[in-house]
Amino acid sequence: MNEKLRILKMLENGQISATEAASLLQAVEGGGTASSSPPPFAPPPAHAPYTPPPAPLPPPPAASTGRYDGYATNNPGSGSPSGIDDLSRKFESFAKDMAPKAQRFMESLADKIDGAASRVSGAFTSDPHGPGGPTAAYDHGQSHRPASKPFAPSGGVVEKNIEMAVETGGYNELSLNGLNGEVRVKGYNGDKITARLVYRAKKTGSSIEMVKLGGKYFLKYEPDDFHLVTIDAFVPERAFSVIKVDGVNSSLDCASLAASEMRFVNANGSTRLAGLSANNIHAESSGGSFNISNISATGAKIENLNGPMDAGELDIANLKISNYNSPLSMMMSKFARHSEYIWSVETGNAKLNINLPTMPDLGYHIKAHAAMSEIRLGLTGLQFLINEPSLVEARSVHFDSAAKRIKMAVETSNAPLVIN
């Protein structure tokens with residue numbers, strides 16, 4: 001078996017960590033010799049935590065720059081003449097060998113997710129009160145705090161209710177982070193933060209409280225002093241300019257929120273984002289399923305590792321979405337808010353399936369690459385510029401005159417790529 005594919009297979013089976021896989025891939029790329037024997041280290045136990053080296057999380061790009069992560073942003077009036085050229089340059093640089101790209105993907109995601117892990121350095125301990133149970137159903141804003149699913153504290157676990165008024169009319173920032181439990185943040189049509197905390201401290205006297213500092217509202221506690229911090233919060237849905245929610249060993253569920261910028265980071269747990277509206281959204285997750293739906297944004301960057309991803313109704317002008325070691329399924333019924341969309345969609349070692357609408361006002365320019373696999377493109381009304389089993393470029397016959405134009409660069413490896 002190819003040495004790179006064997007390393008990726010070991011990563012997928014949990015025999016080695018992402019850091020170890022990245023080192024092995026780098027050694028192979030640097031000219032190391034392939035061997036039929038296993039790598040010279042003992043695989044970690046199945047329960048071993050993922051502890052990548054610390055690195056800061058880069059801020060999302062500002063909407064005013066006119067660019068988003070290498071793509072031309074939606075700019076009515078300019079016509080974005082460089083959009084196709086940008087896609088062409090990206091498409092021409094697609095790697096024929098997926099292993100180096102997989103290594104870069106793992107290193108990048110590991111560094112960014114550690115932005116959350118470093119703030120809760122004591123989180124990766126064995127805990128019987130880990131994540132569990134289904135998340136609450138998505139609902140739109142209410143005139144009062146809706147009833148929520150009750151937690152079941154036990155064995156030294158304490159429950160605490162918090163209420164704090166939010167001042168409106170200026171810059172407000174919300175920051176919440178959970179640990180070894182559940183993090184649920186829902187917007188509603190009110191003016192207060194109301195939250196129920198369920199926590200288990202490591203020692204007597206450990207404090208946890210909601211704090212307001214200027215326009216910043218955040219949950220204050222020392223992660224090293226707690227085994228468990230679970231959050232069930234309802235917040236004013238349109239009161240914040242920036243919203244940041246982190247989880248470690250947690251299930252994360254955020255819905256019905258609007259802000260200028262949003263950032264979500266979750267490690268070792270499931271993630272669900274629904275009913276969000278923002279200029280820019282940055283979301284990263286690993287070690288669990290990722291469900292994202294009904295999102296409106298100018299720009300968004302969404303990454304997931306080692307968990308299936310389902311995405312639907314993403315009305316995002318400039319989107320970069322990646323999933324590695326698990327399948328990605330996307331479902332769209334319309335493109336409503338913008339006249340031009342530029343999307344980059346990638347998976348590695350897993351199937352990629354995209355369902356797109358076909359309407360008279362929609363024009364597509366699709367460039368697809370499936371390393372070591374095949375492409376099935378089933379949209380109607382396309383003219384094929386390149387039509388090979390693993391390399392396709394196609395364009396709607398009426399693309400130049402379409403009211404809404406979608407430019408899409410799509411890539412996967414080791415599994416089929418299907419666009420219908």
*asked:* Please evaluate residues Asp225 and Lys202 with respect to the criterion side-chain contact (heavy atoms from CB on, under 4.5 Å), reporting the C-alpha separation (whole Å), side-chain torsions for both, the decisive distance (0.1 Å), and the verdict.
replied: CA-CA 5 Å; Asp225 293 343; Lys202 295 180 180 178; 5.5 Å; no

Taking [Y]'s backbone N and O only, do any of them form a donor-acceptor pair with [X]'s side chain (distance below 3.5 Å, no angle check)?
X      : Y      : value
Asn172 : Ala239 : yes
Thr230 : Glu182 : yes
Asn304 : Ser289 : no
Ser326 : Gly307 : yes
His338 : Arg405 : no
Ser250 : Val248 : yes
Ser241 : Glu261 : no
Ser396 : Tyr364 : yes
Lys212 : Glu167 : no

Looking at side-chain heavy atoms only, is the closest gap between [X] and [Y] below 4.5 Å?
X      : Y      : value
Arg200 : Asn180 : no
Ile316 : Ser296 : no
Val183 : Asp246 : no
Tyr221 : Asn177 : yes
Val410 : Trp343 : no
Asp191 : Val166 : no
Leu197 : Leu219 : yes
Asn306 : Ser286 : no

Straight-line distance of [X] [atom1] to [Y] [atom2], nearest 0.5 Å:
X      : Y      : atom1 : atom2 : value
Tyr341 : Met332 : OH    : CE    : 6.5 Å
Lys203 : Glu222 : NZ    : CD    : 8.5 Å
Ile366 : Ile419 : CD1   : CD1   : 4.5 Å
Ser256 : Asn294 : OG    : CG    : 10.5 Å
Glu393 : Leu377 : CD    : CG    : 11.5 Å
Asn280 : Met262 : CG    : CE    : 11.0 Å

_Can you tell me if Lys334 has over 12 outside heavy atoms packed within less than 6.0 Å of its NZ?_
no

*Whether over 12 other heavy atoms sit under 6.0 Å from Glu209 CD*: yes

Indicate the atoms forming the closest heavy-atom contact of [X] with [Y], along with that distance.
X      : Y      : value
Phe226 : Ser206 : CZ-CB, 3.7 Å
Leu382 : Ala394 : CD1-CB, 4.0 Å
Ser390 : Ser373 : CB-O, 3.4 Å
Ser333 : Glu313 : OG-OE2, 2.9 Å
Glu346 : Leu328 : O-CD2, 4.2 Å
Ala402 : Asp361 : CB-O, 3.8 Å

*Between Lys301 and Glu284, does a side-chain contact (heavy atoms from CB on, under 4.5 Å) hold up when you go through it step by step?*
CA-CA 8 Å; Lys301 185 174 183 180; Glu284 298 164 357; over 6 Å; no

*Apply the test side chain to side chain donor-acceptor pair (under 3.5 Å) to residues His282 and Glu303: give CA-CA distance (whole Å), side-chain angles for both, the deciding distance (0.1 Å), then the verdict.*
CA-CA 8 Å; His282 198 113; Glu303 296 179 309; 4.9 Å; no

*For side chain to side chain donor-acceptor pair (under 3.5 Å), just list the numbers for Ser260 and Asn279, CA-CA rounded to whole Å, side-chain angles, deciding distance to a tenth of an Å, and then say yes or no.*
CA-CA 5 Å; Ser260 177; Asn279 289 333; 3.3 Å; yes

*When you check the gap from the basic side-chain N to the acidic O, do Arg184 and Asp253 get nearer than 4.0 Å?*
no

*asked:* Check this for me: does any side-chain nitrogen of one of Glu340 and Lys407 sit under 4.0 Å from a carboxylate oxygen of the other?
replied: yes

_Go through it in stages, so that I can follow the logic: the residues are Ile193 and Phe240, the test is side-chain contact (heavy atoms from CB on, under 4.5 Å), and I'd like the CA-CA distance, side-chain angles, deciding distance and then a yes or no._
CA-CA 11 Å; Ile193 298 172; Phe240 299 99; 4.0 Å; yes

*Given salt bridge (charged side-chain N to carboxylate O under 4.0 Å, His left out), test Glu374 with Arg376 step by step and report yes or no.*
CA-CA 7 Å; Glu374 63 176 351; Arg376 296 197 291 270; 3.0 Å; yes

_Under a plain distance cut-off of 3.5 Å, with no hydrogens placed, do Asp310 and Asn291 share a side-chain donor-acceptor pair?_
no

*Does the pair Met359 and Lys404 meet the rule for a side-chain contact (heavy atoms from CB on, under 4.5 Å), with working shown?*
CA-CA 10 Å; Met359 299 179 182; Lys404 296 180 181 294; over 6 Å; no

